[in-house]
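Some notes on the structure that comes next.
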There are 2 protein chains.
Amino acid sequence: MSDLFPKKGHDHDRCVHSALAQAEKVCDAENARFTDMRRKVFTLIWQSHKAVTAYELLDALTAEGQRVQPPTVYRALEFLTELGLVHRIESLNAYFGCDRPDCEHLGQYFICTDCGRVAEAVNEEMSNAVRKAAIGVGFTIQATTVEIKGLCHDCATH
Amino acid sequence: MSDLFPKKGHDHDRCVHSALAQAEKVCDAENARFTDMRRKVFTLIWQSHKAVTAYELLDALTAEGQRVQPPTVYRALEFLTELGLVHRIESLNAYFGCDRPDCEHLGQYFICTDCGRVAEAVNEEMSNAVRKAAIGVGFTIQATTVEIKGLCHDCATH
DNA sequence: CAGAAAATGATATATTATAACACTTCATCA
DNA sequence: TGATGAAGTGTTATAATATATCATTTTCTG
């Protein structure tokens with residue numbers, strides 16, 4: 001069984017750090033500005049293994065001493081999602097960091113309803129099935145949402 | 001190409017009627033009460049080829065002369081979704097009638113971003129891919145959301 | 001019919017998201 | 001290099017979506 005969800009002992013700070021580095025690269029490539037606010041929101045999202053809501057981000061920023069209003073957070077989120085740096089989890093109204101912002105992919109999200117952790121996976125077999133189905137009915141895909149709720153291995157067994 | 005979206009000339013009233021009949025059967029089988037309010041909400045949803053929001057339903061019921069508050073609508077929606085008679089489209093915060101309430105299935109929703117119409121499809125290949133992926137990572141599925149946005153054939157070609 | 005359970009009504013409020021306009025920062029190029 | 005415009009953020013207000021709570025009504029069951 002592959003380790004979809006992070007296992008004990010993984011170095012989370014290092015993940016966040018490398019995500020930041022990659023985000024900078026993506027922004028650079030797109031000539032987009034990775035401003036302070038955007039970096040803060042991105043970092044907060046990446047520091048969580050759960051999906052984070054806009055108002056949780058708002059609270060976290062406020063706790064850091066900023067006085068921030070909803071539009072500020074939503075703008076940062078819009079920027080980050082448009083660049084593919086974070087994904088919105090529709091069924092949670094919440095946001096989650098994307099592992100692979102540098103490539104097109106149809107991500108699936110596994111969401112544990114017990115511990116709340118989220119994991120992104122890429123599954124060619126499923127992506128192909130979706131594409132094939134769309135072609136079969138003459139549908140031109142613009143965006144796809146795949147969210148799978150259930151119990152992660154840890155929660156199912158403990 | 002199969003006719004995912006309803007074609008001209010299909011008899012919509014007949015669809016709604018048969019959906020109602022099937023809903024009654026499902027409620028009967030579950031010993032659940034298909035009350036007036038639930039029937040009205042169900043019918044309003046089925047009368048639309050688009051996904052319908054709770055507040056659109058509220059407005060429609062009000063227009064029919066009822067004085068209805070949000071909880072009433074949300075309760076009917078909760079009842080109907082729990083029985084599988086309607087599905088919630090997470091990415092639209094809206095509801096759509098389910099063709100096959102009588103069998104377990106992992107539905108995909110094709111949502112046209114131009115005309116707003118929605119179509120449900122069942123795709124074994126994709127369902128299997130999702131199940132297989134979940135097994136591969138030790139994940140126990142409780143619910144799956146697959147929503148595909150893009151252009152339906154009509155909108156893409158006209 | 002009495003009593004319990006289920007459903008709905010009614011009021012209030014929580015949560016999520018955006019519109020509109022003012023102000024600031026940043027890139028750029030004359 | 002500093003005027004200018006575009007991009008980003010601040011601020012206020014409000015829209016859109018959803019739920020908690022308690023009162024009342026309806027339905028089921030014995």
Side-chain angles (χ1 to χ4, degrees), chain A residues 23-24 26-45 48 50-62 64-83 85-96 116 145 147, chain B residues 23-24 27-45 50-62 64-83 85-96 116 145 147:
Chain A
E24 250 153 43
V26 170
C27 287
D28 243 42
E30 301 282 335
N31 245 315
R33 279 155 59 190
F34 199 46
T35 61
D36 241 45
M37 183 56 68
R38 289 165 181 175
R39 171 188 302 271
K40 273 177 189 155
V41 169
F42 181 85
T43 304
L44 285 168
I45 291 172
S48 172
K50 308 183 183 184
V52 189
T53 69
Y55 279 79
E56 286 168 355
L57 292 166
L58 196 57
D59 291 347
L61 289 165
T62 302
E64 284 181 5
Q66 309 243 333
R67 200 168 308 104
V68 171
Q69 302 300 323
T72 301
V73 173
Y74 280 102
R75 283 169 189 148
L77 288 170
E78 187 187 8
F79 173 88
L80 295 170
T81 49
E82 271 181 6
L83 279 187
L85 297 171
V86 313
H87 284 302
R88 177 177 162 84
I89 308 291
E90 300 289 351
S91 61
L92 299 176
N93 298 329
Y95 298 83
F96 191 70
T145 299
E147 297 169 10
Chain B
E24 251 154 42
C27 287
D28 244 43
E30 301 281 335
N31 245 315
R33 281 155 57 190
F34 200 46
T35 61
D36 240 44
M37 184 54 69
R38 289 165 180 174
R39 172 187 303 272
K40 273 179 188 153
V41 169
F42 181 85
T43 304
L44 285 168
I45 291 172
K50 307 185 184 186
V52 189
T53 69
Y55 280 79
E56 285 168 355
L57 293 166
L58 195 58
D59 291 348
L61 289 165
T62 302
E64 284 181 7
Q66 309 243 333
R67 200 166 310 102
V68 172
Q69 300 302 321
T72 301
V73 174
Y74 280 102
R75 283 170 189 146
L77 289 170
E78 187 187 6
F79 172 88
L80 296 170
T81 48
E82 271 180 8
L83 279 187
L85 297 171
V86 313
H87 283 303
R88 176 178 162 83
I89 308 289
E90 299 289 351
S91 60
L92 298 176
N93 298 329
Y95 299 82
F96 191 71
T145 300
E147 297 170 10

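This structure is a prediction, so every number in the text was calculated from the model and none was measured. Here is the naming used below: chain letters follow the sequence lines, and residue numbers restart at 1 for every chain.
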B:Thr35 or A:Pro71, whichever maps to the more 5' nucleotide of DNA chain C:
B:Thr35
Does D:dG10 have OP1 or OP2 under 4.0 Å away from a side-chain N or O of A:Thr72?
yes
Where the side chain of B:Arg38 is concerned, which of C:dA7, D:dA18, C:dC26 is the nearest nucleotide?
C:dA7
On DNA chain D, nearest-nucleotide positions of B:Ala54 versus A:Met37: which is more 5'?
A:Met37
So A:Leu83 and A:Glu30, do their side chains get closer than 4.5 Å, heavy atoms only?
yes
Of B:Pro70 and B:Arg75, the one whose closest nucleotide on DNA chain C sits nearer the 5' end is B:Arg75
Using whole Å, what does the distance between atom P of nucleotide D:dC28 and atom CG of B:Asn31 come to?
10 Å
Could you give the CG-to-P distance, from B:Leu77 to D:dT19, as a whole number of Å?
10 Å
So which nucleotide from D:dA7, D:dT11, D:dA18 ends up closest to the side chain of A:Arg33?
D:dA7
Would A:Tyr55 pass as stacked on C:dT15, i.e. its ring centre under 5.5 Å from the base's six-membered ring centre and planes under 30° apart?
no
Take the protein atom CG of A:Asp36 and the nucleotide atom P of C:dT24, then report the distance between them rounded to whole Å.
18 Å
How many Å lie between CZ on A:Arg67 and P on D:dT9, as a whole number?
18 Å
Calculate the interatomic distance between B:Arg88 atom CZ and D:dA18 atom C1'; express it in whole Å.
9 Å
Decide yes or no for A:Leu61 and A:Val73: does some side-chain heavy atom of the first lie under 4.5 Å from some side-chain heavy atom of the second?
yes
Is the closest side-chain heavy-atom distance between A:Thr53 and A:Asn93 below 4.5 Å?
no
Measure from the side-chain N and O atoms of A:Ser48 to the backbone N and O of A:Ile45, and report whether any donor-acceptor pair falls under 3.5 Å.
no
Test item: side-chain donor near acceptor, A:Ser91 and A:Glu147, under 3.5 Å:
yes
Report yes if a donor N or O on one partner sits less than 3.5 Å from an acceptor N or O on the other, where the partners are the side chain of A:Tyr74 and the base of C:dA19; otherwise report no.
no
To the nearest Å, give me how far apart CG (A:Leu57) and P (D:dT9) are.
14 Å
In whole angstrom, give the distance that lies between atom OH of A:Tyr95 and atom P of C:dT15.
17 Å
Presence of B:Asn93 side-chain N/O under 4.0 Å of D:dA16 phosphate oxygens OP1/OP2
no
What's the CG-C1' distance between B:Asp59 and D:dA16, to the nearest Å?
12 Å
Counting heavy atoms from C-beta on, name the nucleotide in D:dT11, D:dT19, C:dT11 closest to the side chain of A:Gln69.
D:dT11
